[in-house]
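I have placed the structure first, in the form of structure tokens, so that the comments after it can refer back to it.
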Protein chains: 2
Amino acid sequence: MTLKSVAKTLSVSTATISNAFSRPDQLSKSLREKILKECSTLGYHGPNITARSLRKGKSGVLGVLLSDPLSYYFNDPVANQFLSGIAETVEQHQKQLLMLSGADSGKTNTGIESLPDSFIVYGSQEHNPLYNRIIQTGKPIVTVDFDAPEFGSINVDNQAAAYEVASYALKKRSAPHAAILGLRLIHSERVCRITDDELYDESESVARRRLNGYKQAAEESNIALSSELIWHIPHNTFALAKRAAKELLSVTPRPNIILCMSDVIASAVLNVAAEMGVSVPAEIGVVGFDDIPEASRTSPPLTTICQKSKEKGKQAVLMLVKGDTSSKILMPTELIVRDSA
Amino acid sequence: MTLKSVAKTLSVSTATISNAFSRPDQLSKSLREKILKECSTLGYHGPNITARSLRKGKSGVLGVLLSDPLSYYFNDPVANQFLSGIAETVEQHQKQLLMLSGADSGKTNTGIESLPDSFIVYGSQEHNPLYNRIIQTGKPIVTVDFDAPEFGSINVDNQAAAYEVASYALKKRSAPHAAILGLRLIHSERVCRITDDELYDESESVARRRLNGYKQAAEESNIALSSELIWHIPHNTFALAKRAAKELLSVTPRPNIILCMSDVIASAVLNVAAEMGVSVPAEIGVVGFDDIPEASRTSPPLTTICQKSKEKGKQAVLMLVKGDTSSKILMPTELIVRDSA
DNA sequence: TTGAAAGCGCTAACAC
DNA sequence: GTGTTAGCGCTTTCAA
């Protein structure tokens, strides 16, 4: 059942059918309705999207390029929020959402980058060949949580936010002794501490900016920050964070402030602390980052930085919809004080 | 940059370029490698997927039809698991994943159903016009968590599982007095109790089957189950569940067993119970359903039914990949005993 | 191993 | 307001 065959059956031209579906102003209302009704009874539900996309050079699909396997993004609370903001806005604009994995792209090229009309690129894509292919399409791109000079972007001031939450935590203690549970600080798949030279890495990643914020707060409070008390966690999962938390809470003397680069990590700390009988916030203060929904439900509830992940997704879609591909948006963050520090 | 223009530049035929990318056996290895290399330097990354799909009638895209707005699925732990199982398997098979919302389909038809080669339909789609259009494409379909005679499907035995967990909870108490927090029991957007006639509804939904399992267990224990102690919660969110839990825990005399149709609901009950100073499991027993990751981390940890959501997603993709579109698979469930009952 | 050409289903320019 | 037609970029058959 094609537009052509339908046109023949209804004894009108193909243009008329096409117009009935795509350009209502090109024919009378009565004819349009008649045609739509007849198509419906015939079982023709409108133009084939592949053919239409080929012809028009547009598909109505928005691509989201992610930097890890897709399954990761279904299990990370921050990504969940971000993607649900995207999804909601995409739906409002009657577009389709295609999630593009950073993982499969190394293998066979499926040419999928030619389908979407525009892209949201989430997180740094250093070694992702698909990213380069997307750039070469010349289609509109907005980056989120990292920056590329040539594209519009949405970010938060990670350093300032980390500084704020760390300062708060440090000032709450009379004799602060801080440790850091970092997320993706270095390129390693292992939970481990970093080395001193890695501490002064100059890269611009989210983790680095947060670390800089922590360092800044520590300096202001005249606290030493050695790499011995900085852990690297390769992915934002509860299990990995728990491993790091166990190591950290077993250190003697035990730090009394734990700065966590995500709420998932912070909640793992609370969990381990409870298991070990360490009381929060009496013995140790814990702060997170992100303000995921669970943050208000942990015991004790988390003191953290709220970054409006859902709103980030929404804004990214809106930029693309509006055709704004050059603004550099810095979203506000907010210190959320609860009981964990 | 098209295949044709590249062919001209390299002075070979279009067929040769096409073969180099899609049918390696049709030309010599050396020629193929030479062409691939030259294409790469030229910046041609392979055939346009729209044109290719139009021509071949296949796109390499797998569609997942959902019954609510997409954003819902990013925030539901069970859906997260299911979708991550799908995503993982789709990636392994070098296909793309397109999530199709049940929400936008009422509005303008984008013809998107013509893109995917096959579909996973998740959850009953009673009033979803897109479902009907997908059926009309005649493409392979696998349904999950509901059944349609003409398609393959993946389900769990909800009634048996609910019976199992309810029996366990009831037998743990000397004088059991049970209440039920149901998920999508009726068609209402409000948190509310159901009426007596609704209690005997004959429909085949997941919620109904679970309710039947609870009823069966109650009968066996000679317990009355009146609609006065059965709540309907329209969506699987913590906030709605909390509202219902508050109502329930304020009833006098207070039930001492709470059967929850999801772990999200059960964890909301634990949360409310803690706020009200009701101790679990001493004063009330709580059981959930699903075994989401958080279920093992609540306090107390949840006694629940494990349904392998991720595995369901994986199996659904596998059926489609294998071309099996008629098997009716019933996945096993397992009673997970923890501390909440 | 290669080249020529038809045609996948549609849209839009143009003619009427 | 409607009909005709070229061609979007590709794959595949057929012939060379």
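A, B, ... follow the sequence lines: proteins, then strands. Residue 1 opens every chain.
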Q: List for me each residue that meets salt bridge (Lys or Arg N to Asp or Glu O under 4.0 Å) alongside B:Lys314, sequence neighbours excluded, and say none if there are none.
A: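 Not a single residue meets the salt bridge (Lys or Arg N to Asp or Glu O under 4.0 Å) criterion with B:Lys314.
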Q | Residue pair B:Glu311 / B:Gln315, side-chain donor-acceptor N/O under 3.5 Å | A |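 Yes - a donor-acceptor pair under 3.5 Å links their side chains.
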Q. With no hydrogens and no angle check, do the side chains of B:Arg52 and A:Thr50 hold a donor and an acceptor under 3.5 Å apart?
A.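 No pair is found: no donor N or O on one side chain lies under 3.5 Å from an acceptor on the other.
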Q: Assign B:Ser22 to base, sugar-phosphate, or nothing according to its heavy-atom contacts below 4.0 angstrom with the strands shown.
A: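 Touches sugar-phosphate only.
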(Q) Under 4.0 Å, counting only non-hydrogen atoms across every strand here, what does B:Ser53 touch: a base, just sugar-phosphate, or nothing? (A)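 Touches nothing.
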On the nucleotide [N], are OP1 or OP2 found under 4.0 Å from the side-chain N or O atoms that [X] carries?
{"X": "A:Ser114", "N": "D:dG9", "result": "no"}
{"X": "A:Ser13", "N": "D:dG3", "result": "yes"}
{"X": "B:Tyr44", "N": "D:dC10", "result": "yes"}
{"X": "B:Ser28", "N": "C:dT1", "result": "yes"}
{"X": "B:Arg52", "N": "D:dG9", "result": "no"}

How many Å lie between [atom1] on [X] and [atom2] on [N], as a whole number?
{"X": "B:Ile49", "N": "D:dC10", "atom1": "CD1", "atom2": "C1'", "value": "12 Å"}
{"X": "A:Arg32", "N": "D:dT2", "atom1": "CZ", "atom2": "P", "value": "13 Å"}
{"X": "A:Phe21", "N": "C:dG9", "atom1": "CZ", "atom2": "C1'", "value": "13 Å"}
{"X": "A:Asn48", "N": "C:dC8", "atom1": "CG", "atom2": "P", "value": "12 Å"}
{"X": "B:Ile17", "N": "C:dT1", "atom1": "CD1", "atom2": "P", "value": "15 Å"}
{"X": "B:Leu3", "N": "D:dT12", "atom1": "CG", "atom2": "P", "value": "12 Å"}
{"X": "A:Gln26", "N": "D:dT2", "atom1": "CD", "atom2": "C1'", "value": "10 Å"}
{"X": "B:Lys4", "N": "C:dG3", "atom1": "NZ", "atom2": "P", "value": "14 Å"}

With the side chain of [X] defined as its heavy atoms from C-beta on, choose the nearest nucleotide among [options].
{"X": "A:Ala51", "options": "C:dA12, C:dA5, C:dC10", "value": "C:dC10"}
{"X": "A:Val12", "options": "D:dG3, D:dT4, C:dT2", "value": "D:dG3"}
{"X": "A:Lys56", "options": "D:dT2, C:dA12, D:dC10", "value": "C:dA12"}

Q.
Under the rule for side chain to side chain donor-acceptor pair (under 3.5 Å), what residues qualify as partners of B:Asn158, not counting sequence neighbours?
A.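 Result, side chain to side chain donor-acceptor pair (under 3.5 Å) vs B:Asn158: B:Arg210.
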Q: Tell me which of B:Asp25 and B:Leu54 sits closer to the 5' end of DNA chain C, going by the nucleotide each one is nearest to.
A: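 Nearest-nucleotide comparison on DNA chain C picks B:Asp25.
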Q | 5'-most by nearest nucleotide on DNA chain C - B:Ala15 or A:Met1 | A |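 Comparing both residues, the 5'-ward one is B:Ala15.
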**Q.** Value rounded to 0.5 Å, distance of NE2 in A:His187 from OG in A:Ser205
**A.**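 A:His187 NE2 to A:Ser205 OG: 8.0 Å, rounded to 0.5 Å.
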